[in-house]
Q: 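Structure in structure tokens, see below.
By convention in this document, chain letters (A, B, ...) are assigned in the order of the sequence lines, proteins followed by strands, and residues within each chain are numbered from 1. FYI, side chains are in, hydrogens and waters are out, and symmetry mates aren't considered; it's all heavy atoms of this structure.
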Protein chains: 4
Amino acid sequence: MTKRYSVILGNLGNTRDRFMGGGYKTARATRDMIAEAASIKGLSGLELVGTWDVTRENYREVGQVLRDHGLACVSIIPDIFARPAWGKGALVSRDPAIRKACVDEIRMNAEIAQALGCPLLNIWPGQDGYDYPLQDDYLAARGWLQESLAKAASEFPALKFALEYKLKEPRTHSYLARVSDTMLVIHDLGLDNVGVCIDTGHALMAYENLGEAAVLAGKRLFHMHFNDNFRYWDDDMIVGSVHAVEHIELLYWLDRVQYAGWYSMDQYPYREDGRGAIEESLRWLQGFQALVTQHRAAMDALLREGNAVKTSAFLRSILLPS
Amino acid sequence: MTKRYSVILGNLGNTRDRFMGGGYKTARATRDMIAEAASIKGLSGLELVGTWDVTRENYREVGQVLRDHGLACVSIIPDIFARPAWGKGALVSRDPAIRKACVDEIRMNAEIAQALGCPLLNIWPGQDGYDYPLQDDYLAARGWLQESLAKAASEFPALKFALEYKLKEPRTHSYLARVSDTMLVIHDLGLDNVGVCIDTGHALMAYENLGEAAVLAGKRLFHMHFNDNFRYWDDDMIVGSVHAVEHIELLYWLDRVQYAGWYSMDQYPYREDGRGAIEESLRWLQGFQALVTQHRAAMDALLREGNAVKTSAFLRSILLPS
Amino acid sequence: MTKRYSVILGNLGNTRDRFMGGGYKTARATRDMIAEAASIKGLSGLELVGTWDVTRENYREVGQVLRDHGLACVSIIPDIFARPAWGKGALVSRDPAIRKACVDEIRMNAEIAQALGCPLLNIWPGQDGYDYPLQDDYLAARGWLQESLAKAASEFPALKFALEYKLKEPRTHSYLARVSDTMLVIHDLGLDNVGVCIDTGHALMAYENLGEAAVLAGKRLFHMHFNDNFRYWDDDMIVGSVHAVEHIELLYWLDRVQYAGWYSMDQYPYREDGRGAIEESLRWLQGFQALVTQHRAAMDALLREGNAVKTSAFLRSILLPS
Amino acid sequence: MTKRYSVILGNLGNTRDRFMGGGYKTARATRDMIAEAASIKGLSGLELVGTWDVTRENYREVGQVLRDHGLACVSIIPDIFARPAWGKGALVSRDPAIRKACVDEIRMNAEIAQALGCPLLNIWPGQDGYDYPLQDDYLAARGWLQESLAKAASEFPALKFALEYKLKEPRTHSYLARVSDTMLVIHDLGLDNVGVCIDTGHALMAYENLGEAAVLAGKRLFHMHFNDNFRYWDDDMIVGSVHAVEHIELLYWLDRVQYAGWYSMDQYPYREDGRGAIEESLRWLQGFQALVTQHRAAMDALLREGNAVKTSAFLRSILLPS
């Protein structure tokens, strides 16, 4: 099956951190970033962030620019993490008015998605966690999480909702922290249109094996974000810049669990040329994919046997051909 | 509700690591360790490890010694991790004969438990994981895990089976790695007598918040193991030697989720006097418990408010009274 | 010896992260933040960040406001990390013009410090590191680091230069990453006025023991920043909110190595009331200090003996008095 | 320059951990392990551990077996970590008699080394650390460390002493924890024959970049141990099984700092065929070395430029040639 590759549009824009408030780069027009994305060979879709990229006001225009460039809108990521109002929690805010506003925000993005022919909302509840021990009522919070998600997702049964988990940041602890946490929430929701987005960096940061995370998500794996890191933090680096083997294994398993969604880049090229960083990730993924496609039978056999020495010899043979 | 405290008997014996194969201490007779445990004021139960402490041959005698000392047998921990036969997997071994032998081993321990009036088996599948990327077939392994556990637990509906998860060690990755992973397995099993054992050190090592882990387990929280560490590894230290606040929070939540099981010590006092190390953990827990019991209403109010500054002032007032 | 407590002024202002570019709070006037700091009982000094708090244009006015409030200027932290020009390195930029501009920036701050009667520059070379493997020439970079620091510090022999190390962030790897790395640089510099600033959160993140870090710095320990975290990241939380024992041990060792500098708060109260969060840290430190002052002889004896069980009993007796 | 490859002999023997006290495999005769090592093409040296492999009684015989197989004795690793006597510290024991015994043990191994024509002692002070906060007197311990090492190394000026640092295990904190800690000790010792052994797994566990660690050691880099891990623990896996890029970068820097010592395997193939695991590591290293040798000029240029996108494209071109 041919793989489809995409990118979160903002990866091509300015990058900030808590020290460099004005950013390492400069702001860019959405239209220019879309054009740049379109110039990357092999990239055929975009993810748009609410507020940042797409609003109730500009969505028709953005949709037209996408069509002009032949790019699909792969997902919309509602802004439930980047406004001061969400700072102490959005889906699980103690304030019912904020929880309602958050569901309304998701609803608005869902309507835009439908208008744009976009099949999926990527829900990243970044502010929905806690920072200090003995600060939060985990029972109440989990109740609100369930309730808010149920409201949002049940209204749009034709739209997929992919829940993107992350161990931490910006909170020191997130409620959707790991793939299994997220699957528990999904089981309790009982809605067919809610699934998981695995961000490979988030999984690595949680000491998850990428391939096993895909297996745990199974048919509920709705979306994939790709980047790399040093395992302790969401460094959001170029794919393959640190890890090779685990990406190869992941691509193998994405096929075994019949993942049919997009392979989307999600990085933070703070100091790098954005286009260059995204293109590199895409090329690494394509290269890993070619290895998986070519050696699938050998990999099947290795997993049946479970012999680490043979696994090593195989990986050496494909990465260091003499 | 009065709390009941216990210890894993082997904590009072010799301690080994991979470098000190002969151990930092010397081997001791089971009878002597039981007598020593009985001398710790406030301790009223023991956990016994199969093979190490209790066998088909000696269980009647061990039971008698326990009764002589007025100690309850709180749990039996089947040896499914300490024989070369289990080295490459026990419940999930590729070899059906080993999987069967592992279920048989659990069955034998279940029968001993029933004979001793022990209500719970603590299942720690330490060898059931993998070490290398691209080594294991996660789908097959998870199938075997489910199958083996179902066989073992369905035969003894009156006995509780507590699954003790651990992120890693002795494998670099375990199949029951986190509380949520374990709850997913329990949901799929559909057996009322299967639940979770939270080992606090395992939870800390997985970057879990202890109290939130208890909430995630909920009514399936069957057993608790206590120790402390530096968050990166299962250092198995004296409770309270590193963390105070998170233990206080945990004890608060154990009551909120109506945990009625034992509070059991599980340490590795490699170089410390075993009795002293266990007694210290017990005294810390009792001290933390007294704070929770006294300040429960204040803690309820703090969680409703979610103000970290107020939480800090409260904790300061109880730990550093001026 | 009476301890002197201070805070980095910006802790009382707006807080940002990479997602919340506009900040969780709102911008505040320097004058208002100074007044607020002065209202915290027991706080008698401030650290000012170049550009953010103090400039060539406003330093006389800022100095006057400090005097009006009876606050000392404890340190100035030159901005060598928050402008796009420094984004790919400041002291170790590949571009000699940027390295020169960085030394010039430090020089300007040194002159302001002297004009304000401030005895110390706190140098945090946050951008001086690297992100990717095979990206940087470590030999060249270390040469430039040495050269730039030598230029800056040798011109102002009466001013102390405290080098603040940090394992990572905003780069994935910093050149001044650990206390020992920093001491190696200091040894090579051979300048009496260059020493170390230990930020407790940076030390915890590097798996350093706080007390041992103080011993490694010894007489070169020029400055201290206090905050707390979960050991994996620079969470910049309220002191004591996670760790108690290690702060107690640190305060003991600060006296043993005859540290005579300021005890300065350095936090990021993203979502908390800034004044409240700083005051809490100060109160925890004062509480820990009272314990150390009272029990110094007992602590001396414990360290002579090295018995972890006795250490535990002692800590329990002071933190959980029954 | 031709690289010389070796292995620690025990890698081919039985493997234990704290749960599997009897080992995952079975004990083997030293003679058989030497013969097996000799059968690995490209391996020409061995490291021997005192007590385990070589003693005052058997060293002549072991030396003869080595010569029969054409293998060099690359280093001797004195047993200062595997006897109960060393359990609470060896070089830094509180007991002067134990410190003396430890220095005597090193002396005996030094004499054996000289008799065998072995140029280097690899000193791994695994027990020289501490476990609990507020347990140890860091000033006293560092004094003893310096004193014991000075005594041992000054007697044998013709023998190299390589200090092998490790962040932790078997203690929760080691005194020689990082490359910089170790360099500080070496500077203070002032002995030309004392240097560093970098164990790549230990460096990864300390969040060190392998190449930068080599630069920090510089001319004092006396010895290298190779293995791989998941960065959080000393998993002692096959080289290349997790990380590729950082090994390539390390080999590049070993040449730049003119490292002329052995490339020695140090693994713990708990469940793997020992010979197979060692041979795999050697082949990965040879493969990485071939890439470095071929592309040295390109790598020089990349480091001069510091452009992560170009680094990525280069690595992709050599690891994923299309």
Q: Which one of A244(C), G287(C), A313(C) has the most heavy-atom pairs closer than 4.5 Å to chain B?
A: A313(C)
Q: Against chain C, label E246(B) side chain, backbone, both or neither, depending on which of its atoms sit under 4.5 Å from a heavy atom there.
A: side chain
Q: In terms of heavy-atom contacts, does CZ of R296(B) have more than 12 from other residues, nucleotides or ligands at under 6.0 Å?
A: yes
Q: How long is the span from the CZ atom in F230(C) to the CG atom in N209(B), to the nearest 0.5 Å?
A: 7.5 Å
Q: For the CZ atom on R31(C), are there more than 12 heavy atoms of other groups (residues, nucleotides or ligands in this structure) within a distance under 6.0 Å?
A: no
Q: Before giving the answer on side chain to side chain contact (heavy atoms under 4.5 Å, CB included), spell out for L320(B) and L291(C) the whole-Å C-alpha distance, their side-chain angles and the decisive distance to 0.1 Å.
A: CA-CA 9 Å; L320(B) 296 180; L291(C) 292 177; 3.5 Å; yes
Q: Please classify the contact of I238(B) with chain C as side chain, backbone, both or neither, using a heavy-atom distance under 4.5 Å.
A: side chain
Q: Might you work through the side chain to side chain contact (heavy atoms under 4.5 Å, CB included) test for E272(B) and T311(C), ending with a clear yes or no?
A: CA-CA 11 Å; E272(B) 290 75 42; T311(C) 288; over 6 Å; no
Q: Can you establish whether the number of heavy atoms outside K310(B) located under 6.0 Å from its atom NZ is more than 12?
A: no
Q: Ring-plane angle category for Y232(B) and Y207(C), please: parallel below 30°, perpendicular beyond 60°, tilted otherwise.
A: perpendicular
Q: Under 4.5 Å heavy-atom distance to chain B, tell me which part of R271(C) shows up: side chain, backbone, both or neither.
A: neither
Q: What option among H243(B), R283(B), Q286(B) has the most heavy-atom pairs under 4.5 Å with chain C?
A: R283(B)
Q: Give the intermediate values and the outcome of side chain to side chain contact (heavy atoms under 4.5 Å, CB included) for residues R231(B) and V242(C).
A: CA-CA 12 Å; R231(B) 287 181 189 275; V242(C) 185; 3.6 Å; yes
Q: To the closest 0.5 Å, what do you measure between CZ (F288(B)) and CG (L319(C))?
A: 8.0 Å
Q: Ignoring hydrogens, what is the shortest heavy-atom contact between V245(B) and S241(C)? Give both atom names and the distance.
A: CG2-O, 3.8 Å
